[in-house]
Chemist: 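Pasting in a structure now, in structure tokens, and then I'll have a few things to ask.
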Amino acid sequence: MDVLTAMKENFKDCFGDAETREYFSPGRINLIGEHTDYNGGHVFPCAISLGTYALVADRNDNKTRIFSMNLADKGVIEFPMNDLKYNPAYDWANYPSGVVDVFEKAGYKADHGFDIVMYGTLPNGAGLSSSASIEVLMAVILNDTFNFGIDMVDMVKFSQKAENQFVGVNCGIMDQFAVGMGKKDCAILLDCNTLEYRYSKLAMEGYSIVITNTNKKHTLSSSAYNQRRKQCEHALSELQAVKKDIKTLGDLTNAEFDSIADHIEDPLERLRAKHAVYENQRTLQAVDALEKNDLAKFGKLMNDSHVSLRDDYDVTGEELDTLAELAWDQEGVLGSRMTGAGFGGCTISIVKNENIEDFKKNVGEAYTKRIGYAPSFYVANIADGTHKIEG
Ligand code: GLA
């Protein structure tokens with residue numbers, strides 16, 4: 001049974017017969033530029049064909065009732081369309097209700113609610129941005145239904161705001177941007193300082209991007225994430241004391257950073273800031289290499305990115321390190337690194353098409369032996385951003 005047919009059956013069971021509209025919102029991978037978004041640097045993510053589907057019907061009242069086929073045990077969750085507050089009882093539905101709240105506060109009031117069934121093809125808790133996928137999905141549903149005419153970049157900002165202020169996770173803008181602005185077969189070079197962006201065609205003749213999920217049970221990474229942010233902010237304030245014209249770590253070249261780095265008192269904070277600066281420069285070099293068709297150099301920079309995230313930023317952990325290190329040893333692999341926040345989640349590897357099967361077998365077996373459970377593999381399809389499914 002295909003996804004939409006299964007969703008229609010679930011819809012009927014939950015809400016009865018109604019005319020529905022369909023929407024899709026992708027997840028994302030980030031090719032390079034990790035933990036740079038909230039440091040005013042560049043990121044280079046893309047949207048993928050795994051993501052979240054929604055089947056939506058209008059209601060006549062002010063309520064939304066929402067059901068996730070992935071979290072069926074949570075049942076149908078109900079929330080009003082105005083005066084919303086974070087509510088533990090809403091559980092995962094705090095993501096869509098948070099978006100409704102941000103819209104309302106920005107003057108975009110919904111005059112009725114919905115019945116919604118969602119189904120996600122993203123592996124749970126794998127760091128492929130299922131929450132951003134749901135947020136931008138809800139934004140597009142609202143914008144489409146009420147003809148608000150909001151452009152996608154603003155919907156991306158609203159979605160990030162919902163995550164920051166309603167859900168209370170202090171993320172940067174990369175995930176929502178990649179999900180909303182994704183374009184088939186392209187990555188997005190985004191300057192997180194100015195939000196200037198451009199698409200870069202991914203022409204990886206003979207190679208694919210393989211996503212490998214550590215399958216590490218969800219680790220509570222948000223406190224470590226927020227701590228990294230704080231360390232970078234503090235390091236920046238010490239650098240600003242000697243270099244007044246910088247607004248973010250992304251403003252510095254490696255050489256500029258090296259020349260003033262000893263003004264950061266805490267050695268750990270110095271390492272965190274070094275990663276942010278070097279990773280930003282590495283991202284620009286990597287995009288340049290890719291656009292000159294130098295995939296080997298791109299892969300090498302991916303490896304360097306992982307090492308920096310492991311040694312200087314300390315967000316990898318045994319599972320991600322094992323996957324990356326095993327991948328580096330495989331035939332036909334140009335590069336491999338963790339993607340997303342880290343602490344668990346996924347790696348991405350650039351693998352020659354004819355070596356993919358051996359890659360899965362070798363990495364799968366060795367990882368299982370060392371870690372005690374198996375990883376999962378997905379060949380990434382680079383896809384469009386959140387949209388209504390027409391026809
Ligand atoms: C998470 C956050 C992003 C970004 C990455 C790390 O995915 O949501 O904003 O900071 O981690 O690059």
Side-chain angles (χ1 to χ4, degrees), residues 25-48 50-51 95 98 122-136 156-182 187-193 195 197 211 213-214 216 218-233 248-250 272-273 275-283 286 301-302 305-306 308-310 312-317 320 337-348:
S25 188
R28 68 95 189 89
I29 51 175
N30 184 22
L31 298 183
I32 194 161
E34 216 66 82
H35 290 277
T36 47
D37 61 351
Y38 54 84
N39 283 311
H42 293 78
V43 293
F44 195 50
C46 33
I48 55 176
L50 299 170
Y95 293 106
L122 286 163
N124 257 350
L128 300 176
S129 293
S130 54
S131 52
S133 177
I134 293 171
E135 287 153 6
V136 184
V156 162
K157 290 185 196 163
F158 286 171
S159 300
Q160 184 202 13
K161 203 168 182 184
E163 177 117 10
N164 290 165
Q165 296 180 0
F166 194 90
V167 183
V169 176
N170 215 3
C171 65
I173 197 156
M174 171 173 76
D175 300 348
Q176 290 79 7
F177 202 97
V179 164
M181 298 296 289
I188 311 169
L189 176 64
L190 171 67
D191 178 340
C192 300
N193 213 357
L195 289 194
Y197 68 95
I211 304 170
N213 187 356
T214 58
K216 182 177 179 179
H218 208 50
T219 45
L220 206 67
S221 56
S222 63
S223 58
Y225 182 91
N226 289 341
Q227 186 202 38
R228 297 299 180 284
R229 278 194 79 141
K230 278 218 180 83
Q231 289 170 326
C232 287
E233 279 159 19
T248 69
L249 292 174
R272 306 296 191 242
H275 167 79
V277 172
Y278 276 55
E279 178 77 354
N280 181 42
Q281 297 301 326
R282 196 161 28 236
T283 302
L301 290 162
M302 286 173 71
S305 165
H306 186 91
S308 177
L309 288 155
R310 182 189 68 193
D312 293 346
Y313 220 64
D314 193 18
V315 291
T316 55
L320 285 167
R337 60 179 291 276
M338 56 153 271
T339 191
F343 312 103
C346 295
T347 59
I348 50 166

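Whatever order the structure lists ligands and atoms in, that order sets their numbers, starting from 1.
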Chemist: To the nearest 0.5 Å, how far apart are CG in Leu190 and OG1 in Thr283?
Modeler: 11.0 Å
Chemist: If you measure from atom 5 (C) of ligand 1 to every heavy atom of Gln176, Met338, Met174, Arg228, which option wins on shortest distance?
Modeler: Met174
Chemist: Classify the ring geometry between Tyr225 and His35 as parallel (under 30°), tilted (30 to 60°) or perpendicular (over 60°).
Modeler: tilted
Chemist: Within a distance under 4.0 Å of any heavy atom of Tyr225, pick out the atoms of ligand 1 and give their elements.
Modeler: 1 (C), 2 (C), 3 (C), 4 (C), 9 (O), 10 (O), 11 (O)
Chemist: Looking only at N/O atoms, are Tyr38 and ligand 1 under 3.5 Å apart anywhere?
Modeler: no
Chemist: Which protein heavy atom lies closest to atom 9 (O) of ligand 1, and at what distance to 0.1 Å?
Modeler: Asp37 OD2, 2.5 Å
Chemist: Is it the case that ligand 1 has an N or O less than 3.5 angstrom from some N or O of Gly172?
Modeler: yes
Chemist: So if I count the atoms of ligand 1 from 1 in the order they appear, which ones are less than 4.0 Å from some heavy atom of Gly340?
Modeler: 6 (C), 11 (O)
Chemist: Distance under 4.0 Å to a non-hydrogen atom of Cys171: what atoms of ligand 1 satisfy this?
Modeler: 2 (C), 8 (O), 9 (O)
Chemist: As a quick check of understanding, evaluate side chain to side chain contact (heavy atoms under 4.5 Å, CB included) for Asp314 and Arg272, giving each step before the final call.
Modeler: CA-CA 8 Å; Asp314 193 18; Arg272 306 296 191 242; 3.7 Å; yes
Chemist: Among all protein heavy atoms, pick out the one at the shortest distance from atom 7 (O) of ligand 1; state its residue, atom name and that distance to 0.1 Å.
Modeler: Asp175 OD2, 2.9 Å
Chemist: For Gly180 and Val136, work out which heavy atoms get closest and say how close.
Modeler: CA-CG1, 3.9 Å
Chemist: Per the side chain to side chain contact (heavy atoms under 4.5 Å, CB included) rule, which among Leu320, Thr347, Ile348 passes with Arg337?
Modeler: Ile348
Chemist: By the definition side chain to side chain contact (heavy atoms under 4.5 Å, CB included), identify the one residue from Ser130, Ser129, Ser133 that meets it with Arg28.
Modeler: Ser129
Chemist: Considering only NZ, NE, NH1 and NH2 on the basic side and carboxylate oxygens on the acidic side, decide whether Arg282 and Glu279 come within less than 4.0 Å.
Modeler: yes
Chemist: To the nearest 0.5 Å, what is the distance between CE (Met174) and OH (Tyr38)?
Modeler: 9.5 Å
Chemist: For ligand 1, which atoms, with element, lie under 4.0 Å from some heavy atom of Ala341?
Modeler: 1 (C), 7 (O), 11 (O)
Chemist: Near Arg28, which atoms of ligand 1 are under 4.0 Å from a heavy atom of that residue?
Modeler: 7 (O)
Chemist: I need the atoms of ligand 1 closer than 4.0 Å to a non-hydrogen atom of Glu34, numbered in the order shown.
Modeler: 6 (C), 12 (O)
